[in-house]
Protein chains: 2
Amino acid sequence: MKPESRKEEIINAASILFKEKGYSAVTMRDLAKAMGIKAASLYNHIQSKQEILSTIIIDLAEEFTSGMNQIVSSDKNATKKIENIIDLHIDVTLRNSDGLASLNNDWMHLEEENLQYFEKMRHDYEENFRNIVKKGVDQGEIKPFNIEIMVFSTLSTLRTLYLWYPKQRNIDADILKHDMISVLLKGIV
Amino acid sequence: MKPESRKEEIINAASILFKEKGYSAVTMRDLAKAMGIKAASLYNHIQSKQEILSTIIIDLAEEFTSGMNQIVSSDKNATKKIENIIDLHIDVTLRNSDGLASLNNDWMHLEEENLQYFEKMRHDYEENFRNIVKKGVDQGEIKPFNIEIMVFSTLSTLRTLYLWYPKQRNIDADILKHDMISVLLKGIV
DNA sequence: GTCTATATATAGATAGAC
DNA sequence: GTCTATCTATATATAGAC
């Protein structure tokens with residue numbers, strides 16, 4: 001484990017609090033108390049509460065964007081690409097399930113450029129997903145159900161993993177990946 | 001359409017704002033502006049901001065609880081019961097998709113008894129769902145995948161409908177029900 | 001890197017006039 | 001049923017000492 005910088009510690013502590021109560025309901029005093037310091041001291045490491053939120057969300061969104069771009073440009077069939085997307089979500093969830101709460105529920109509190117940047121990444125991500133499913137249907141790999149419903153159903157499950165996985169005991173990541181692929185795909189494929 | 005009381009108007013306006021920004025980020029002044037009155041005037045109809053939140057959430061949670069109790073006590077097989085649960089979620093989503101945002105994201109801001117009451121209803125709801133799936137597996141109706149993953153996957157999709165359905169154009173409720181049952185069940189059953 | 005003290009803004013809510 | 005005026009608490013953030 002590489003040592004965390006003080007800024008990283010603050011961001012991790014904030015991720016946990018934001019997950020529990022949401023960005024708006026967490027005060028800088030709450031965050032300082034969780035760190036064992038006073039609120040004013042936080043500002044020696046970060047510029048604003050907003051900077052904490054945007055760091056959490058944008059870093060994660062870029063991680064998903066980067067992962068999706070690799071999958072899209074790979075030379076695999078649709079089914080395999082969807083399996084890779086499931087793996088991506090599980091990997092990110094294992095690494096930072098707290099931060100995913102902010103990405104899912106507090107993105108609307110981003111400001112200006114970061115809000116637009118986030119919304120573009122999310123839109124592109126969904127569009128990439130949709131195109132993979134469409135191509136799978138065209139090539140007879142995936143059942144010809146309503147495309148939007150299949151995309152929504154799969155994505156909503158993957159996006160909610162952060163709420164569910166930390167509560168599960170004794171589920172190994174590889175077993176989870178295998179079983180999640182079964183549940184999400186065996187009905188579609 | 002029966003005429004709305006002023007209190008119901010406030011609650012509906014609040015549901016929309018809470019959906020957009022979350023309970024904590026919406027001020028009584030925001031709500032008053034949406035109603036075209038001053039913040040102080042709201043208090044002639046409601047006791048507190050907290051009362052608005054608890055009304056939105058508890059009413060919806062009781063609706064789900066009541067619906068689930070009917071399904072549980074009905075004389076049907078597991079597959080049919082799950083279809084009825086899907087119908088229940090779609091019906092509630094059509095009737096009050098705004099309020100479902102609070103139920104999903106702002107329940108932790110409930111106070112005291114209402115928080116406990118809500119958490120018990122949510123727990124019982126999940127337990128009922130889990131038992132239906134278990135029985136379906138035992139009787140060979142449902143594929144023997146990991147129970148928790150099937151329950152989580154289905155519920156996470158149904159709980160997120162409120163975000164997705166309002167954005168869909170030209171999807172009739174009955175068609176949605178049919179297609180959603182296909183996507184969620186044909187892989188499991 | 002953390003502290004105390006504080007500036008400034010805004011939150012939920014109440015009192016009392018109309 | 002709505003208003004203006006206001007109370008009290010608390011929010012984010014800064015200044016400057018240690």
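Just so it is clear: chains get the letters A, B, ... in the order the sequence lines come, proteins before strands, and each one is counted from 1. Note that the structure is predicted; figures quoted are calculated from it, not measured.
- For the pair A:Lys33 NZ and D:dT10 P, the computed distance is 12 Å after rounding to whole Å.
- The base of C:dG1 is not paired with the side chain of A:Arg6 by any donor and acceptor separated by under 3.5 Å.
- Contact check, A:Asn44 against C:dT2: no side-chain N or O comes under 4.0 Å of OP1 or OP2.
- Here CD of B:Glu126 is found 9.0 Å from CD of B:Glu148. Values are rounded to the nearest 0.5 Å.
- A:Lys7 and A:Glu51 are joined by a salt bridge, as a carboxylate oxygen and a charged side-chain nitrogen come within less than 4.0 angstrom of each other.
- To the nearest angstrom, P of D:dG1 lies 5 Å from NE2 of B:His45.
- Listed by chain and number, the residues in a side-chain contact (heavy atoms from CB on, under 4.5 Å) with B:Thr27 are B:Arg29, B:Asp30 (sequence neighbours excluded).
- Considering only side-chain N and O atoms, A:Lys38 lies nowhere under 4.0 angstrom from the phosphate OP1 or OP2 of C:dT2.
- Inspection of the B:Gln139 and B:Asn77 side chains reveals no N or O donor paired with an N or O acceptor under 3.5 Å.
- Using modelled atom types, one finds no donor on one side chain facing an acceptor on the other under 3.5 Å when comparing A:Ser156 with B:Ser156.
- If you take CE of B:Met28 and P of D:dC3, they are 14 Å apart, rounded to a whole angstrom.
- In this structure, A:Ile46 atom CD1 and C:dT2 atom C1' are separated by 14 Å, rounded to whole Å.
- B:Ser66 contributes no side-chain N or O that, together with a main-chain N or O of B:Glu62, makes up a donor-acceptor pair within less than 3.5 Å.
- Nearest to the side chain of B:Lys49, among D:dG1, D:dA13, C:dG12, sits C:dG12.
- Between B:Leu17 atom CG and C:dA11 atom P the separation is 13 Å, expressed in whole Å.
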Using nucleotides 14-18 of chain C, report all nitrogen or oxygen pairs with the protein that are shorter than 3.5 Å.
none

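- Residue A:Ser41 places at least one side-chain N or O under 4.0 Å from the OP1 or OP2 atom of C:dC3.
- Residue A:Arg29 has its side chain nearest to D:dT12 when only C:dT2, D:dT2, D:dT12 are considered.
- A side chain to side chain contact (heavy atoms under 4.5 Å, CB included) with B:Phe18 is found for exactly one of B:Asn105, B:Asp98, B:Leu31, B:Ile52, namely B:Ile52.
- Counting to the nearest Å, the C1' atom of D:dA11 and the NE2 atom of A:His109 are 15 Å from each other.
- Atom CG in B:Leu42 sits roughly 10 Å away from atom P in C:dG12 (whole-Å rounding).
- Regarding B:Leu31, its CG atom lies at a distance of 12 Å from the P atom of D:dT2, rounded to whole Å.
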